[in-house]
Amino acid sequence: MHSHPYALAHVRSYADSWEAKTNTDPDKEIPAKHVREASSHLTYASRDSDQPIPAGSVTLYITPQQRLGHGAAKVADADLYLVTPEQVSQVAERLITAWQTIRTQTHGQDAQQAGPTIADTLRFHRVLPSQWLEDLLARRICDG
């Protein structure tokens with residue numbers, strides 16, 4: 001499965017890179033080659049865009065696989081985290097619910113009128129990056 005290093009989201013003062021390997025056998029190990037590739041995404045995007053990698057940036061490696069292959073932890077950067085598709089789905093479901101609420105409650109409003117409702121709704125549904133990112137940073141790959 002090929003991933004594109006432009007799966008990068010700049011949010012305020014940090015960036016998230018997402019590496020998805022969801023069509024893999026959950027019973028197999030994550031090869032060191034895939035970990036090394038995922039570890040390079042932020043560097044690639046930084047050099048390609050001629051922008052520095054913001055402090056606090058992370059790469060999320062999304063896969064049903066939970067076992068690391070030989071050497072995988074040793075080649076992982078400190079900012080690479082193992083995340084399950086279910087964890088991402090939970091965030092996505094909350095985001096969809098929040099978006100539907102925002103569309104309903106702000107219909108016909110301009111941006112200034114809708115702003116407080118949007119902010120309150122995003123906070124209530126826990127879809128601000130500060131509310132969900134920490135949950136996805138539970139397993140750093142370099143720690144094994």
Side-chain angles (χ1 to χ4, degrees), residues 1-106 110-112 114-144:
M1 171 181 246
H2 178 69
S3 64
H4 198 284
Y6 283 115
L8 184 70
H10 286 275
V11 181
R12 294 189 185 248
S13 61
Y14 64 90
D16 294 331
S17 172
W18 300 66
E19 168 78 15
K21 300 283 189 185
T22 55
N23 292 330
T24 56
D25 183 345
D27 295 326
K28 291 190 176 182
E29 294 180 337
I30 301 168
K33 174 184 173 184
H34 292 174
V35 169
R36 185 173 34 253
E37 178 184 294
S39 288
S40 70
H41 286 342
L42 289 173
T43 301
Y44 180 93
S46 170
R47 291 181 182 161
D48 190 56
S49 66
D50 201 28
Q51 297 292 318
I53 300 170
S57 298
V58 297
T59 298
L60 304 176
Y61 188 97
I62 305 153
T63 181
Q65 297 169 300
Q66 293 301 296
R67 293 180 316 155
L68 298 173
H70 178 73
K74 293 178 182 175
V75 299
D77 285 346
D79 61 8
L80 182 63
Y81 293 84
L82 185 59
V83 180
T84 66
E86 293 78 20
Q87 289 174 285
V88 175
S89 291
Q90 290 171 3
V91 174
E93 288 171 11
R94 292 195 318 259
L95 185 57
I96 290 167
T97 300
W99 179 247
Q100 291 168 339
T101 302
I102 289 168
R103 289 188 62 202
T104 301
Q105 292 184 356
T106 61
D110 63 26
Q112 187 174 13
T117 300
I118 292 169
D120 290 345
T121 301
L122 294 176
R123 266 191 298 281
F124 176 79
H125 289 284
R126 297 188 28 82
V127 293
L128 294 171
S130 61
Q131 294 173 305
W132 58 259
L133 186 58
E134 187 174 322
D135 295 341
L136 301 184
L137 302 183
R139 185 165 176 205
R140 192 164 60 170
I141 292 178
C142 70
D143 293 337

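Everything quoted here is computed from the prediction, not taken from an experiment.
Heavy atoms only, all atoms of each residue included: Ser49 and Ala45 are closest at OG-O, 2.8 Å. Considering all non-hydrogen atoms of both residues, Glu19 and Ala38 come closest at CG-CB, 3.8 Å. When all heavy atoms of Ala32 and His70 are compared, the closest pair comes out as CB-O, 3.7 Å. Here the shortest heavy-atom pairing between Ala78 and Cys142 reads CA-SG, 3.8 Å. What you find for Pro64 and Pro85 is that their closest heavy atoms are N-CD, 3.7 Å. Nearest approach of Gln131 to Arg123, heavy atoms of both residues: NE2-O, 3.0 Å.
We find the OG-CG distance between Ser57 and Asp77 to be 12.0 Å, quoted to the nearest 0.5 Å. Here Thr84 contributes atom OG1 and Tyr61 contributes atom OH; the two are 13.5 Å apart, rounded to the nearest 0.5 Å. We find the CD1-OG1 distance between Ile118 and Thr101 to be 12.0 Å, quoted to the nearest 0.5 Å. One distance of note links CD of Glu93 with CD1 of Ile96; it measures 7.0 Å at 0.5 Å rounding. Atom CH2 of Trp132 and atom CD of Gln87 lie 11.5 Å apart (nearest 0.5 Å). Atom CD1 of Ile62 is separated from atom OG1 of Thr24 by 11.5 Å, given to the nearest 0.5 angstrom.
The closest side-chain heavy-atom distance from Trp18 to Val88 is below 4.5 Å. Residues Arg126 and Asp135 are in side-chain contact: their nearest non-hydrogen atoms beyond the backbone lie under 4.5 Å apart. Side-chain contact between Ser39 and Thr59 is absent, with no heavy-atom pair separated by less than 4.5 Å. Annotation: side chain of Leu82 is in contact with side chain of Ile30 (closest heavy-atom distance under 4.5 Å).
Judged as a side-chain contact (heavy atoms from CB on, under 4.5 Å), and not counting sequence neighbours, the contacts of Leu137 are Val58, Leu60, Tyr81, Leu133. With sequence neighbours left out, Asp110 forms a side-chain contact (heavy atoms from CB on, under 4.5 Å) with Gln112, Gln113. Among residues two or more places apart in sequence or in another chain, the side-chain contact (heavy atoms from CB on, under 4.5 Å) test is passed with Ala98 by Thr121, Leu122, His125, Val127.
Residues Gln65 and Thr63 have side chains that bring a donor and an acceptor to within less than 3.5 angstrom of each other.
The closest donor-acceptor contact from the side chain of Asp25 to the backbone of Asp27 lies under 3.5 Å. No donor-acceptor pair closer than 3.5 Å links the side chain of Arg140 to the backbone N or O of Ala76.
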